[in-house]
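Quick notes on the structure that follows.
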Number of protein chains: 2
Amino acid sequence: MSPDRLKARPPDQGRRAFFRPSRESMRISARTQYALAAMLALAEADGPVHAERVADSQEIPRRFCDNILLQLRRAGLLNSQRGPDGGYWLARPAAEISLADVIRVTEGVEQATRRFPRAAAPLDAIWERLRDHEHALLSEVTLADVMSRSASS
Amino acid sequence: MSPDRLKARPPDQGRRAFFRPSRESMRISARTQYALAAMLALAEADGPVHAERVADSQEIPRRFCDNILLQLRRAGLLNSQRGPDGGYWLARPAAEISLADVIRVTEGVEQATRRFPRAAAPLDAIWERLRDHEHALLSEVTLADVMSRSASS
DNA sequence: ATTAATCCTACTTAACTTGTAGGGTTAATG
DNA sequence: CATTAACCCTACAAGTTAAGTAGGATTAAT
């Protein structure tokens, strides 16, 4: 009797409770989303804004918001003042802060990427192309751009 | 005395032990890298190949490799045969399997993405553009392409 | 029957994410 | 100069995910 070879299963359709988009794409942490929301909130104001107000308006957990704003200040994107009537404001005009500037801060730096050997080595060039494109787009779009239109085109 | 406003710190240069590229980019799990390496290894062969040989040639931990190959078969990308002289082989020609096909399997599906409110809402359009571009590129490059050239251009 | 392969589920360990806790420091106000 | 409201800073904790491991069940060639 001929060997009973196991066939690849067809993709299992049906039996899916609700729509889940497949992903092979970038992951954006909540921290980064919060940071961008906070920066945009500050970009819309013209004076110092309390962390409390940023947290409320953007629906960011209060202490976590503190945490993130602090990180953004240390990174050079915000200035701050303490005491009553204190707050945070952008260190540069909104048109001079790109999304990449913000994301770089909250996503941090990655460990030296591991090198994959053999057959997979040529893939490095693909990853590089993806990274370059992503970086180009995120570097080119500023906070001011996001405020002025839904999406840069 | 005028308030001593806290200045944004300049980016801390120096005191960096070694080069760490900043990242705001796609994360590719080890599992996915292994899966792609395994698929490429199988694309280079013409008959069934043992999991052991795939693991060795691509430097994938043995049991983990089993695990991943199994997942790829279930997803419809591989066929297999058990017993001595068994092994795995591509379910379709290498020219008909895109990188996205493989990545979709190992990266799985994402939970419904959380919606961010207010000022950050317009960012959704940006993420979508990034995803679309990424998906387009990864869908267009096949295993055969990767084998035949360093990078598609 | 033996053996060599795939198949399958469950588990473990470490790292990362997402916050929270507990205060310290600064500055405006009366 | 006491009060108070803000930012500043470190550490910690719970939950989730990633990266494998473990132990065996099943299949097929000999």
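Residue numbering restarts at 1 for every chain, and letters A, B, ... go by the order of the sequence lines.
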Does the pair A:R104 and A:H135 meet the rule for a side chain to side chain contact (heavy atoms under 4.5 Å, CB included), with working shown?
CA-CA 10 Å; A:R104 204 177 0 254; A:H135 182 73; 3.6 Å; yes
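One interatomic measurement links the two molecules: CZ of B:R74 to C1' of C:dT6, which rounds to 11 Å at whole-angstrom precision. For the pair B:Q71 CD and C:dC7 C1', the interatomic distance rounds to 14 Å; values are reported in whole Å. Separating the CG atom of B:L69 from the C1' atom of C:dC7 is a distance of 12 Å, rounded to the nearest angstrom. To the nearest angstrom, P of D:dA18 lies 9 Å from CZ of A:R27. Distance, A:F64 CZ to D:dC12 C1': 14 Å, rounded to whole Å. To the nearest angstrom, P of D:dC9 lies 12 Å from CG of A:N67. When rounded to the nearest whole Å, the span between CD of A:E59 and P of C:dT18 equals 17 Å. Rounded to whole angstrom, the span from the CD1 atom of A:I68 across to the P atom of D:dC7 amounts to 14 Å.
Distance alone, capped at 3.5 Å, is enough to place a donor-acceptor pair between the B:D145 side chain and the B:T142 backbone. The backbone N or O of A:S98 lies less than 3.5 Å from a partner atom in the side chain of A:D101, making a donor-acceptor pair. No donor-acceptor pair closer than 3.5 Å links the side chain of B:S139 to the backbone N or O of B:A136.
When distances run from any side-chain atom of B:R31 to the nucleotides C:dG19, C:dT9, D:dA19, the shortest one goes to D:dA19. Looking at the side chain of A:A30, the nearest of the listed nucleotides C:dT18, C:dT20, D:dA19 is C:dT18. Listed nucleotides D:dA19, C:dC8, D:dC8 differ in distance to A:L70; the shortest reach to its side chain belongs to D:dC8. The side chain of A:R63 lies closest to C:dG22 when the candidates are C:dG22, D:dT10, D:dG20.
Closest of all the heavy-atom pairs between A:L143 and A:M39 is CD1-CB, 3.9 Å. In terms of heavy-atom proximity, A:V54 sits nearest to A:C65 at CG1-SG, 3.8 Å. The two residues A:I97 and A:L77 have their closest heavy-atom pair at CD1-O, 4.3 Å. When all heavy atoms of B:R73 and B:S80 are compared, the pair lying nearest together is CD-OG, 3.0 Å.
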Taking only nitrogen or oxygen atoms into account, show me every contact under 3.5 Å that the protein makes with nucleotides 3-6 of chain D, one pair per line with its distance.
from  : atom 1 : to    : atom 2 : distance (Å)
D:dA6 : OP1    : A:H50 : ND1    : 3.4

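Put simply, A:L70 and A:L36 are part of two different groups of oily side chains (I, L, V, M, F, W, Y) that touch within less than 4.5 Å, one to the next.
Of the side-chain N and O atoms in B:S80, one or more sit less than 4.0 angstrom from OP1 or OP2 of C:dC7. For D:dG20, the OP1/OP2 oxygens have a side-chain nitrogen or oxygen of B:Y34 closer than 4.0 Å. Contact check, A:R73 against D:dC7: no side-chain N or O comes under 4.0 Å of OP1 or OP2.
For the helix from C:dA1-D:dT30 to C:dG30-D:dC1, the angle separating the two terminal helix axes comes to 0°, with each axis derived from five pairs and the value rounded to 10°.
With the nearest nucleotide of DNA chain D identified for both A:D66 and B:I28, A:D66 has the one nearer the 5' end.
With sequence neighbours excluded, the residues that form a side-chain contact (heavy atoms from CB on, under 4.5 Å) with A:T106 are A:R31, A:T32, A:A35, A:Q71.
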